[in-house]
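The block underneath contains the structure these notes are about, expressed in C-alpha coordinates.
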Amino acid sequence: MRKGLLALLLLAAPAPALAQAAYCSIPQQVPRPRIELPPSNEPRRLLPIAGYTLALSWSPQYCATVRGGDSAFQCSGRNGKFGFVLHGLRPEGSGRDWPQYCRAADLLPRQVIRQNLCATPSAQLLQHEWAKHGSCMTTRPELYFNLARALYEGIRYPDMAQLARRDTLTVKQFTAAFARANKGLSPGMIRVKTARGGWLSEVSLCMDRAMDYARCPASQRGAPEAAKLRIRPGPNILPPKARAAPARRPALKLDLDPNAQIPSD
(Lines give C-alpha, C1' and ligand atoms only; values in the text may rest on other atoms or scores of the structure.)
Protein backbone atom coordinates (compact mmCIF):
# COMPACT_ATOMS: atom_id res chain seq x y z
CA MET A 1 0.00 0.00 0.00
CA ARG A 2 1.23 3.49 -0.74
CA LYS A 3 2.71 5.27 2.27
CA GLY A 4 0.35 8.24 1.85
CA LEU A 5 -2.77 6.17 2.20
CA LEU A 6 -1.31 4.21 5.10
CA ALA A 7 -0.65 7.48 6.94
CA LEU A 8 -4.20 8.61 6.20
CA LEU A 9 -5.61 5.42 7.73
CA LEU A 10 -3.45 5.74 10.83
CA LEU A 11 -4.79 9.26 11.42
CA ALA A 12 -8.36 8.60 10.37
CA ALA A 13 -11.08 10.02 12.60
CA PRO A 14 -9.90 9.48 16.18
CA ALA A 15 -13.36 10.53 17.37
CA PRO A 16 -16.40 8.43 16.45
CA ALA A 17 -18.40 9.83 13.54
CA LEU A 18 -22.19 9.82 13.69
CA ALA A 19 -22.51 8.92 10.00
CA GLN A 20 -25.99 7.36 9.65
CA ALA A 21 -27.05 7.91 13.26
CA ALA A 22 -29.64 10.43 14.41
CA TYR A 23 -27.51 10.50 17.53
CA CYS A 24 -24.95 8.22 19.14
CA SER A 25 -23.80 8.36 22.75
CA ILE A 26 -20.98 6.05 23.81
CA PRO A 27 -20.96 5.10 27.50
CA GLN A 28 -17.88 5.61 29.62
CA GLN A 29 -17.46 1.85 29.83
CA VAL A 30 -17.80 0.43 26.33
CA PRO A 31 -19.36 -3.03 25.89
CA ARG A 32 -16.87 -5.88 25.88
CA PRO A 33 -17.17 -8.66 23.30
CA ARG A 34 -16.32 -12.32 23.56
CA ILE A 35 -13.43 -13.96 21.72
CA GLU A 36 -14.74 -15.35 18.44
CA LEU A 37 -13.47 -18.64 17.07
CA PRO A 38 -14.30 -20.23 13.71
CA PRO A 39 -17.51 -22.26 14.05
CA SER A 40 -17.42 -25.88 12.96
CA ASN A 41 -19.46 -25.12 9.82
CA GLU A 42 -17.22 -22.21 8.75
CA PRO A 43 -13.65 -23.48 8.41
CA ARG A 44 -10.54 -21.37 8.15
CA ARG A 45 -9.89 -20.51 4.50
CA LEU A 46 -6.63 -19.05 3.25
CA LEU A 47 -7.37 -17.76 -0.25
CA PRO A 48 -6.05 -14.90 -2.41
CA ILE A 49 -8.13 -11.74 -2.27
CA ALA A 50 -9.81 -10.86 -5.57
CA GLY A 51 -12.02 -7.98 -4.42
CA TYR A 52 -14.01 -6.58 -1.52
CA THR A 53 -17.57 -6.07 -0.34
CA LEU A 54 -18.72 -3.20 1.85
CA ALA A 55 -21.85 -4.40 3.67
CA LEU A 56 -24.35 -1.91 5.10
CA SER A 57 -27.21 -3.10 7.31
CA TRP A 58 -30.52 -1.25 7.65
CA SER A 59 -30.74 -0.95 11.42
CA PRO A 60 -34.55 -0.46 11.72
CA GLN A 61 -35.08 -3.90 10.17
CA TYR A 62 -32.54 -5.59 12.41
CA CYS A 63 -33.98 -3.99 15.54
CA ALA A 64 -37.51 -5.05 14.58
CA THR A 65 -36.48 -8.70 14.86
CA VAL A 66 -34.17 -8.89 17.92
CA ARG A 67 -34.46 -8.19 21.61
CA GLY A 68 -31.85 -7.46 24.31
CA GLY A 69 -28.47 -9.12 24.66
CA ASP A 70 -25.80 -8.00 22.21
CA SER A 71 -28.36 -5.84 20.37
CA ALA A 72 -29.08 -3.54 23.32
CA PHE A 73 -26.66 -0.77 22.34
CA GLN A 74 -27.99 -0.64 18.79
CA CYS A 75 -31.69 -1.16 19.42
CA SER A 76 -32.68 0.05 22.90
CA GLY A 77 -32.70 3.71 21.87
CA ARG A 78 -30.75 4.72 24.96
CA ASN A 79 -27.43 5.08 23.16
CA GLY A 80 -28.50 6.00 19.65
CA LYS A 81 -30.93 5.77 16.78
CA PHE A 82 -29.39 4.38 13.63
CA GLY A 83 -30.13 4.13 9.92
CA PHE A 84 -27.57 2.34 7.76
CA VAL A 85 -24.79 0.89 9.88
CA LEU A 86 -21.51 -0.62 8.80
CA HIS A 87 -21.88 -4.38 8.93
CA GLY A 88 -18.35 -4.90 7.68
CA LEU A 89 -15.66 -4.85 5.00
CA ARG A 90 -15.16 -8.33 3.56
CA PRO A 91 -12.41 -9.68 1.31
CA GLU A 92 -13.73 -11.81 -1.55
CA GLY A 93 -12.17 -14.70 -3.43
CA SER A 94 -12.12 -15.35 -7.16
CA GLY A 95 -14.92 -17.93 -6.99
CA ARG A 96 -17.74 -18.83 -4.66
CA ASP A 97 -15.47 -19.08 -1.61
CA TRP A 98 -13.76 -16.23 0.21
CA PRO A 99 -10.90 -16.00 2.72
CA GLN A 100 -11.98 -16.12 6.35
CA TYR A 101 -10.59 -16.65 9.84
CA CYS A 102 -7.05 -16.38 8.53
CA ARG A 103 -5.42 -15.83 11.94
CA ALA A 104 -6.28 -16.16 15.59
CA ALA A 105 -7.93 -12.87 16.62
CA ASP A 106 -7.30 -11.40 20.07
CA LEU A 107 -9.96 -9.44 21.92
CA LEU A 108 -10.30 -5.98 20.40
CA PRO A 109 -8.79 -3.11 22.41
CA ARG A 110 -11.34 -0.85 24.13
CA GLN A 111 -10.15 2.15 22.12
CA VAL A 112 -10.81 0.38 18.81
CA ILE A 113 -14.33 -0.46 19.96
CA ARG A 114 -14.92 3.13 21.14
CA GLN A 115 -13.79 4.58 17.81
CA ASN A 116 -16.09 2.33 15.77
CA LEU A 117 -19.20 1.84 17.90
CA CYS A 118 -21.18 4.63 16.23
CA ALA A 119 -20.57 3.10 12.79
CA THR A 120 -20.98 -0.53 13.87
CA PRO A 121 -23.11 -0.35 17.04
CA SER A 122 -22.28 -3.80 18.39
CA ALA A 123 -19.04 -4.71 20.14
CA GLN A 124 -19.62 -8.37 19.34
CA LEU A 125 -20.15 -7.66 15.64
CA LEU A 126 -16.91 -5.68 15.60
CA GLN A 127 -15.12 -8.67 17.16
CA HIS A 128 -16.76 -11.00 14.64
CA GLU A 129 -15.80 -8.89 11.62
CA TRP A 130 -12.22 -8.62 12.83
CA ALA A 131 -11.93 -12.36 13.46
CA LYS A 132 -13.63 -13.52 10.27
CA HIS A 133 -12.64 -10.87 7.72
CA GLY A 134 -10.11 -8.39 9.08
CA SER A 135 -7.70 -11.14 10.07
CA CYS A 136 -7.29 -11.91 6.37
CA MET A 137 -6.30 -8.32 5.55
CA THR A 138 -3.96 -7.10 8.28
CA THR A 139 -2.48 -7.99 11.66
CA ARG A 140 -3.58 -4.65 13.16
CA PRO A 141 -7.29 -4.15 13.87
CA GLU A 142 -7.09 -0.36 13.92
CA LEU A 143 -5.95 -0.35 10.29
CA TYR A 144 -8.77 -2.65 9.21
CA PHE A 145 -11.44 -0.60 10.96
CA ASN A 146 -9.98 2.77 9.90
CA LEU A 147 -10.23 1.66 6.29
CA ALA A 148 -13.73 0.21 6.63
CA ARG A 149 -14.93 3.35 8.41
CA ALA A 150 -13.39 5.68 5.82
CA LEU A 151 -15.20 3.82 3.03
CA TYR A 152 -18.45 3.82 5.01
CA GLU A 153 -18.28 7.54 5.71
CA GLY A 154 -17.84 8.21 1.99
CA ILE A 155 -21.24 6.68 1.15
CA ARG A 156 -24.22 8.93 0.48
CA TYR A 157 -27.82 7.74 0.72
CA PRO A 158 -31.08 8.36 -1.09
CA ASP A 159 -34.07 9.78 0.79
CA MET A 160 -34.91 6.70 2.84
CA ALA A 161 -38.02 8.25 4.40
CA GLN A 162 -39.47 8.94 0.95
CA LEU A 163 -38.59 5.46 -0.31
CA ALA A 164 -40.12 3.85 2.80
CA ARG A 165 -43.46 5.50 1.97
CA ARG A 166 -43.62 4.01 -1.51
CA ASP A 167 -46.01 1.08 -1.86
CA THR A 168 -44.71 -0.06 -5.25
CA LEU A 169 -40.95 0.19 -4.69
CA THR A 170 -38.87 -2.51 -6.38
CA VAL A 171 -35.30 -3.61 -5.78
CA LYS A 172 -34.35 -2.19 -9.19
CA GLN A 173 -35.79 1.22 -8.31
CA PHE A 174 -34.01 1.22 -4.97
CA THR A 175 -30.59 0.34 -6.41
CA ALA A 176 -31.04 3.05 -9.06
CA ALA A 177 -31.77 5.62 -6.34
CA PHE A 178 -28.79 4.43 -4.28
CA ALA A 179 -26.49 4.62 -7.30
CA ARG A 180 -27.63 8.15 -8.17
CA ALA A 181 -26.56 9.31 -4.72
CA ASN A 182 -22.98 8.07 -5.21
CA LYS A 183 -20.67 9.11 -8.01
CA GLY A 184 -19.07 6.14 -9.75
CA LEU A 185 -21.64 3.66 -8.48
CA SER A 186 -24.07 1.87 -10.80
CA PRO A 187 -26.94 -0.52 -9.97
CA GLY A 188 -24.90 -3.53 -11.13
CA MET A 189 -22.40 -2.80 -8.36
CA ILE A 190 -25.08 -3.12 -5.66
CA ARG A 191 -26.67 -6.18 -4.12
CA VAL A 192 -29.75 -5.98 -1.89
CA LYS A 193 -30.63 -8.54 0.77
CA THR A 194 -34.15 -8.79 2.14
CA ALA A 195 -35.78 -10.41 5.14
CA ARG A 196 -38.99 -12.41 5.05
CA GLY A 197 -41.77 -10.31 3.63
CA GLY A 198 -39.44 -8.38 1.30
CA TRP A 199 -38.14 -6.01 4.00
CA LEU A 200 -34.81 -4.29 3.28
CA SER A 201 -32.10 -5.90 5.38
CA GLU A 202 -28.69 -5.16 3.86
CA VAL A 203 -27.03 -3.35 0.96
CA SER A 204 -23.70 -4.68 -0.32
CA LEU A 205 -21.37 -2.60 -2.51
CA CYS A 206 -18.90 -4.55 -4.64
CA MET A 207 -15.31 -3.38 -5.13
CA ASP A 208 -12.26 -4.63 -6.98
CA ARG A 209 -8.80 -5.13 -5.49
CA ALA A 210 -8.08 -1.43 -5.88
CA MET A 211 -11.19 -0.68 -3.80
CA ASP A 212 -12.91 0.98 -6.74
CA TYR A 213 -16.59 0.15 -7.21
CA ALA A 214 -16.97 -2.80 -9.57
CA ARG A 215 -19.75 -4.91 -11.04
CA CYS A 216 -20.75 -7.62 -8.62
CA PRO A 217 -19.73 -11.14 -9.71
CA ALA A 218 -22.48 -13.55 -10.71
CA SER A 219 -21.75 -15.66 -7.64
CA GLN A 220 -22.70 -12.76 -5.37
CA ARG A 221 -26.47 -12.84 -5.54
CA GLY A 222 -29.10 -10.62 -4.03
CA ALA A 223 -32.83 -10.06 -4.24
CA PRO A 224 -34.25 -10.11 -7.81
CA GLU A 225 -34.52 -6.70 -9.48
CA ALA A 226 -38.26 -7.07 -10.01
CA ALA A 227 -38.95 -8.03 -6.40
CA LYS A 228 -41.07 -5.68 -4.33
CA LEU A 229 -39.06 -3.96 -1.60
CA ARG A 230 -40.41 -2.75 1.72
CA ILE A 231 -38.44 -0.46 4.03
CA ARG A 232 -39.08 0.00 7.73
CA PRO A 233 -39.02 3.71 8.60
CA GLY A 234 -35.81 4.90 10.20
CA PRO A 235 -34.82 7.85 12.37
CA ASN A 236 -34.91 11.39 11.05
CA ILE A 237 -31.28 11.84 10.01
CA LEU A 238 -30.13 15.25 8.90
CA PRO A 239 -28.04 15.20 5.70
CA PRO A 240 -24.30 15.53 6.37
CA LYS A 241 -22.51 18.74 5.61
CA ALA A 242 -21.19 18.75 2.07
CA ARG A 243 -17.71 17.27 1.96
CA ALA A 244 -15.66 15.35 -0.52
CA ALA A 245 -15.85 11.60 -0.30
CA PRO A 246 -12.55 9.75 0.30
CA ALA A 247 -10.53 9.76 -2.89
CA ARG A 248 -10.50 6.53 -4.86
CA ARG A 249 -7.09 5.24 -5.84
CA PRO A 250 -7.09 3.26 -9.07
CA ALA A 251 -4.76 0.26 -9.25
CA LEU A 252 -4.08 0.38 -5.51
CA LYS A 253 -3.50 -3.11 -4.13
CA LEU A 254 -4.51 -3.49 -0.52
CA ASP A 255 -1.57 -4.43 1.69
CA LEU A 256 -2.19 -2.78 5.03
CA ASP A 257 0.69 -4.39 6.84
CA PRO A 258 3.93 -5.97 5.55
CA ASN A 259 3.39 -8.79 8.07
CA ALA A 260 -0.16 -9.43 6.93
CA GLN A 261 0.52 -11.83 4.08
CA ILE A 262 -1.77 -14.86 4.24
CA PRO A 263 0.04 -17.71 6.02
CA SER A 264 1.14 -20.54 3.78
CA ASP A 265 0.27 -23.30 6.27
In this structure, would [X] and [Y] fall into the same cluster of hydrophobic residues linked by side-chain contacts under 4.5 Å?
X: M160; Y: L185; result: yes
X: F145; Y: Y101; result: no
X: W199; Y: V85; result: no
X: L117; Y: L125; result: no
X: L163; Y: L56; result: yes

Please report the closest heavy-atom contact between [X] and [Y], naming both atoms and the distance.
X: P38; Y: E42; value: CB-O, 3.7 Å
X: V171; Y: P224; value: CB-O, 3.3 Å
X: F178; Y: P158; value: CD1-CD, 3.8 Å
X: P31; Y: A123; value: O-CB, 3.5 Å
X: P60; Y: P233; value: CB-O, 3.6 Å
X: P141; Y: T139; value: CD-O, 3.8 Å

- With distance as the sole criterion, is a donor-acceptor pair present between the side chains of R166 and Q173 under 3.5 Å?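 Yes, side-chain donor-acceptor contact under 3.5 Å.
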- Would you please say whether a donor-acceptor pair under 3.5 Å links the side chains of T53 and Q220?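 Present: a donor and an acceptor within the cut-off.
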- Query: Are R90 and E202 within salt-bridge range, i.e. N to O under 4.0 Å?
  - Reply: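 E202 and R90: salt-bridged.
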- Item | Salt bridge R165-D159, side-chain N to carboxylate O under 4.0 Å |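 No salt bridge links R165 with D159.
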Short side-chain to backbone donor-acceptor contact, [X] and [Y], under 3.5 Å:
X: K228; Y: D167; answer: yes
X: Y62; Y: C75; answer: no
X: N182; Y: R156; answer: yes
X: Q61; Y: I231; answer: no

Calculate, to the nearest 0.5 Å, the distance between atoms [atom1] and [atom2] belonging to [X] and [Y] respectively.
X: R180; Y: S186; atom1: CZ; atom2: OG; value: 13.0 Å
X: R149; Y: T120; atom1: CZ; atom2: OG1; value: 9.5 Å
X: R191; Y: T175; atom1: CZ; atom2: OG1; value: 9.0 Å
X: H87; Y: S204; atom1: NE2; atom2: OG; value: 9.0 Å
X: L169; Y: Q162; atom1: CG; atom2: CD; value: 8.5 Å
X: C136; Y: R103; atom1: SG; atom2: CZ; value: 7.0 Å

Can you find a heavy atom in the side chain of [X] that is under 4.5 Å from one in the side chain of [Y]?
X: W130; Y: T138; answer: yes
X: P27; Y: F73; answer: yes
X: P99; Y: I49; answer: yes
X: M189; Y: M207; answer: no
X: E142; Y: V112; answer: yes
X: L147; Y: L143; answer: no
X: H133; Y: P91; answer: yes
X: L205; Y: I190; answer: yes

- Would you please test D70 and R34 for side-chain contact (heavy atoms from CB on, under 4.5 Å) and show each step? CA-CA 11 Å; D70 294 331; R34 305 175 299 277; 3.3 Å; yes
- Please work out which of the three classes, parallel, tilted or perpendicular, describes the rings of F174 and F84, given edges at 30° and 60°.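 Tilted, since the angle between the ring planes falls between 30° and 60°.
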Would you find more than 12 non-hydrogen atoms of other residues, nucleotides or ligands less than 6.0 Å from [X] atom [atom1]?
X: N41; atom1: CG; value: yes
X: R32; atom1: CZ; value: yes
X: K132; atom1: NZ; value: yes
X: Q29; atom1: CD; value: no

- Among S59, S122, S57, whose side-chain hydrogen bond (donor to acceptor under 3.5 Å, both in side chains) with Q74 holds?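 Answer after filtering S59, S122, S57: S59.
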- Message: Both conditions, 6.0 Å and 45 degrees, for the charged tip of R232 above the ring of W58: are they met here?
- Response: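 Judged by the rule, R232 and W58 form no cation-pi pair.
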- Message: Just to verify, which of I113, N116, I35, V30 counts as forming a side-chain contact (heavy atoms from CB on, under 4.5 Å) with L108?
- Response: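 Of the listed options, the one satisfying the test is I113.
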- Message: One pair to check against side-chain contact (heavy atoms from CB on, under 4.5 Å): T170 and L229. What are the steps and the verdict?
- Response: CA-CA 5 Å; T170 65; L229 185 66; 6.0 Å; no
